[in-house]
Amino acid sequence: MFAPLDMHGEKRADLHRAARLSMLHDRVVKRFDKVDHSADAVEMAAVAFVEATHRPTIFIAPFRPDGKPQTEAGWTLGL
């Protein structure tokens, strides 16, 4: 009978598993970088939203006889 052509199948399998693990590690690190970048963008958008909507509460409208402010459609209270 002929001898097998490759006597080092286990070594090759170990190298293959190590290479796959290394590639998987690199993909996980890239994904974490993308998630971190996206989280930074969300935080910046949240800060911009808070700055855009945060105004001191000022009632310019006169008060009604029952003590409640008179408001019109589209007015905000400056949250």
Side-chain angles (χ1 to χ4, degrees):
M1 296 309 252
F2 292 105
L5 297 176
D6 186 6
M7 301 292 288
H8 305 288
E10 267 186 54
K11 287 183 184 177
R12 199 172 34 145
D14 289 340
L15 286 173
H16 177 72
R17 281 191 291 274
R20 298 264 306 156
L21 182 62
S22 177
M23 289 187 330
L24 178 62
H25 179 267
D26 292 343
R27 287 176 60 190
V28 168
V29 168
K30 280 184 183 179
R31 183 61 52 110
F32 276 137
D33 289 341
K34 285 182 181 179
V35 168
D36 191 41
H37 178 70
S38 297
D40 290 341
V42 168
E43 288 176 359
M44 289 175 28
V47 167
F49 177 75
V50 168
E51 288 176 359
T53 59
H54 186 66
R55 295 183 198 110
T57 305
I58 300 174
F59 289 109
I60 300 173
F63 284 83
R64 296 186 308 207
D66 61 359
K68 295 182 181 177
Q70 181 179 348
T71 59
E72 298 286 330
W75 285 12
T76 63
L77 299 177
L79 301 176

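Every heavy atom of this structure was used, including side-chain atoms; hydrogens, water molecules and symmetry mates were not.
- Identified under the side-chain hydrogen bond (donor to acceptor under 3.5 Å, both in side chains) test for residues 13-30, with sequence neighbours left out: Asp14-Arg17.
- In this structure, the separation between NZ on Lys34 and CZ on Arg31 is 5.5 Å, given to the nearest 0.5 Å.
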Check: After noting the C-alpha distance and the side-chain angles of Glu51 and Val47, does the key distance pass the side-chain contact (heavy atoms from CB on, under 4.5 Å) rule?
Finding: CA-CA 6 Å; Glu51 288 176 359; Val47 167; 3.6 Å; yes
